[in-house]
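Since the structure comes first, as structure tokens, the remarks are kept for the end.
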Amino acid sequence: MTSFALIDGNSFYCSCERVFDPAIAKRPVIVLSNNDGCAVARTAEAKALGIGMGEPYFKIRDLCRDNGVAVYSSNYTLYGDMSARLNAIYRQWSPDVEVYSIDESFLDMTDIRPADRVTFGRDLRSTVQRWTGIPTCVAIGPSKTLAKFANHVAKKNPELGAVCDLTDAAVRQSWLDRAAVGEVWGVGSASERKLFGLGIETAGDLARVDARLARNLLSVVGERTVLELQGISCLPLEDVPPQRKGCAVTRSFGTPVTDLAGMLEAVAAYAMRAGEKLRRHGLEATYMAVFMHTSRFNQKDKPHSAQTTVHFPEASNDTFDLIRAAQSGARKIFRDGYRYSKAGIIMNDLVRAASQPRPLFDARDRDQSERLMTALDAVNGKFGRGSLVPASTGIKRHWQAKFDRRSPRYTTNIKELPVALAR
DNA sequence: TCTGGGGTCCTAGGACCC
DNA sequence: TCTGGGGTCCTAGGACCC
């Protein structure tokens with residue numbers, strides 16, 4: 001019988017910060033989104049203060065100050081590195097690991113005897129705690145959706161000791177009957193509303209729905225969810241990540257952009273970042289969509305939103321090609337007299353760099369482009385991202401997002417290593 | 001003053017083709 | 001008065017996820 005474990009880091013970003021600063025071990029901690037915008041990770045202590053997921057920071061600033069909340073900008077370099085360490089441990093425990101997100105992985109448990117699964121979970125999480133300092137939660141079920149549900153149960157019921165096994169059908173049903181249908185993985189607010197209208201209110205109700213009815217109601221996705229809740233595994237473990245299909249770099253500005261020059265700098269910087277991502281994955285873009293818009297929250301600003309698409313003569317991941325495209329798109333849609341709050345570039349239909357047909361008479365010198373990009377990536381790899389950049393990405397960068405409370409890159413930058421004093 | 005970023009998948013509808 | 005049918009491809013938009 002198929003079986004999955006879902007293991008995830010508790011308040012993962014906050015836990016990463018705690019690993020390197022014992023002084024905040026007992027304090028409430030939150031981590032903010034890009035541009036220090038919203039709270040995207042909260043410890044149990046922070047949740048207890050009433051800080052919601054995605055809550056704008058400016059609304060809770062006073063609350064944080066008055067309650068001694070430790071507030072951090074997001075430090076993705078640190079979290080990404082910690083995530084890699086966790087997965088390295090998981091791979092020692094299971095040959096088949098799917099990295100589902102930065103803080104969640106699925107493990108194949110099929111070969112672990114049902115009676116041994118809880119012990120397996122306890123041992124795994126205590127090893128992770130000891131080796132990385134990150135507290136985790138291990139949830140087990142016969143399908144991915146039920147493993148996700150087991151994770152929800154473990155989080156809501158601390159007496160389970162952060163390990164929850166829903167292999168047993170009767171145990172499973174009693175938990176399902178006690179949870180709202182919206183807690184099920186794949187049931188968002190729109191589907192929840194629809195289901196409520198039909199009297200399907202709990203996860204248990206949904207598990208009892210006829211699969212064909214679920215398909216009519218919520219398409220094949222909903223049908224799959226129902227089958228998975230019934231213990232029929234429909235979503236296999238994907239231990240080899242599929243080739244990515246798109247690549248986007250979009251950012252809110254630190255301060256609104258009102259002039260074309262600033263906008264051109266910003267999109268050039270995004271294009272540079274996109275080039276790094278594409279080359280790392282061995283992919284090329286065939287076109288680029290460029291967009292910009294004003295703030296949807298600020299009622300006083302005149303609203304403006306625009307988007308355009310620029311096609312490449314041939315697929316490319318050369319930073320300078322990308323910058324040219326981004327800037328030409330931005331020139332086309334930029335209007336004077338607006339306060340833009342955000343811009344971005346989006347590329348879909350990516351193709352493998354190696355498999356691209358080349359024109360017989362190539363106007364560009366591909367070898368030179370490749371050598372230049374390799375050198376650029378090597379310099380930035382060695383001295384840190386942003387060490388060598390095209391001048392068109394700007395010097396002053398008024399538009400750049402804020403990260404006023406970012407912790408050091410403890411594990412990936414030699415100059416930012418944590419210091420321990422022995423007395 | 002201050003409200004994130006980056007993905008995936010599905011469906012419907014139009015254009016186009018034979 | 002009659003006015004096919006079936007297929008593909010593309011795009012926009014919705015829904016969901018972390």
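In what follows, chains carry the letters A, B, and so on, assigned in the order in which the sequence lines appear, proteins first and then strands, with residues in each chain numbered from 1.
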*Taking for each residue the nucleotide of DNA chain B bearing the nearest heavy atom, is the 5' side occupied by Ser341(A) or by Val220(A)?*
Ser341(A)

*Kindly say whether Ala147(A) contributes a backbone atom to a donor-acceptor pair with the side chain of Asn151(A) at under 3.5 angstrom?*
no

*Taking the side chain of Arg244(A) as heavy atoms from C-beta outward, which of dC17(C), dC10(B), dG7(B) is closest to it?*
dG7(B)

*asked:* So Tyr57(A), base contact, sugar-phosphate only, or nothing? Heavy-atom distance under 4.0 Å.
replied: nothing

_N or O in side chain of Ser295(A) less than 4.0 angstrom from dT3(B) OP1/OP2_ = no

_Pick the closest DNA chain B nucleotide for Lys245(A) and for Gly54(A) by heavy atoms, then say which residue is nearer the 5' end._
Gly54(A)

*What nucleic acid atoms does Val99(A) come within less than 4.0 Å of, heavy atoms only: base, sugar-phosphate, or nothing?*
nothing

_Closest nucleotide among dG5(B), dT3(B), dC17(C) to the Ser252(A) side chain_ = dG5(B)

*Report yes if at least one side-chain N or O of Lys194(A) is closer than 4.0 Å to OP1 or OP2 of dA15(C); otherwise report no.*
no

_Heavy atoms from C-beta onward define the side chain here; which of dC18(C), dG4(B), dT3(B) lies closest to that of Trp185(A)?_
dC18(C)

*Tell me whether the centres of the aromatic rings in Tyr100(A) and Trp185(A) are closer together than 6.0 Å.*
yes

*What is the nucleic acid contact for Glu55(A), judged by heavy atoms within less than 4.0 Å: base, sugar-phosphate only, or nothing?*
nothing

*Do His293(A) and Tyr338(A) have a side chain donor and acceptor closer than 3.5 Å?*
no

*Hey, does the Lys NZ or Arg CZ of Arg406(A) hover above the aromatic six-ring of Phe403(A), less than 6.0 Å from the centre and inside 45° of the axis?*
yes

*Which nucleotide, dA15(C), dG6(B), dC17(C), lies nearest any side-chain atom of Ala190(A)?*
dA15(C)

*Which base, if any, makes a Watson-Crick or G-U wobble pair with dG14(C), both distances under 3.5 Å?*
dC9(B)

*For the side chain of Arg339(A), starting at C-beta, report the closest nucleotide among dC2(B), dC18(C), dT3(B).*
dC2(B)

*Rounded to the Å, how far apart are Asp349(A) CG and dC9(C) C1'?*
12 Å

*Let me know the distance between CZ of Arg296(A) and C1' of dG4(B), rounded to the nearest Å.*
9 Å

_If you only use heavy atoms from C-beta on, which nucleotide in dG4(B), dC2(B), dC18(C) is closest to the side chain of Glu104(A)?_
dC18(C)

*asked:* Distance check, C1' atoms only: dC16(B) and dG4(C), in whole angstrom units.
replied: 16 Å

_Stepwise ring-ring contact (aromatic ring centres under 6.0 Å, His included) check, Trp399(A) with Tyr340(A)_ = CA-CA 10 Å; Trp399(A) 42 269; Tyr340(A) 292 102; over 10 Å; no

_Separation of dT3(B) P from Gln299(A) CD (nearest whole Å)_ = 13 Å

*asked:* With a 4.0 Å limit, can you tell me whether Arg251(A) has a side-chain N or O closer than that to the phosphate oxygens OP1/OP2 of dG6(B)?
replied: yes

*asked:* Under a plain distance cut-off of 3.5 Å, with no hydrogens placed, do Asp318(A) and Ser369(A) share a side-chain donor-acceptor pair?
replied: yes

*asked:* Without decimals, in angstroms, what is the distance between Leu350(A) CG and dG7(B) P?
replied: 9 Å

_Salt bridge flag under 4.0 Å for residues Arg339(A) and Asp301(A)_ = yes

*Just how far, in rounded Å, is C1' of dC17(C) from CE of Met53(A)?*
11 Å

*dC16(C) phosphate, OP1 or OP2, under 4.0 Å from Ser191(A) side-chain N/O*: yes

*With respect to the phosphate group of dG5(B), does any side-chain polar atom (N or O) of Lys342(A) fall under 4.0 Å of OP1 or OP2?*
yes

*Where the side chain of Asn298(A) is concerned, which of dC2(B), dG4(B), dG6(B) is the nearest nucleotide?*
dC2(B)

_From CG of Asp36(A) over to P of dT3(B), roughly how many Å is that when rounded to an integer?_
11 Å

*Atom OH of Tyr270(A) to atom C1' of dG4(B): distance rounded to whole Å?*
12 Å

*With the side chain of Arg61(A) defined as its heavy atoms from C-beta on, choose the nearest nucleotide among dC10(B), dC2(B), dG7(B).*
dC2(B)

*Would you classify Ser74(A) as touching base, sugar-phosphate or nothing, given that sugar-phosphate means primed atoms plus P, OP1 and OP2, and contacts are heavy atoms under 4.0 Å?*
nothing

*Using atom NZ of Lys277(A) as one end and atom C1' of dG6(B) as the other, report the distance to the nearest whole Å.*
7 Å

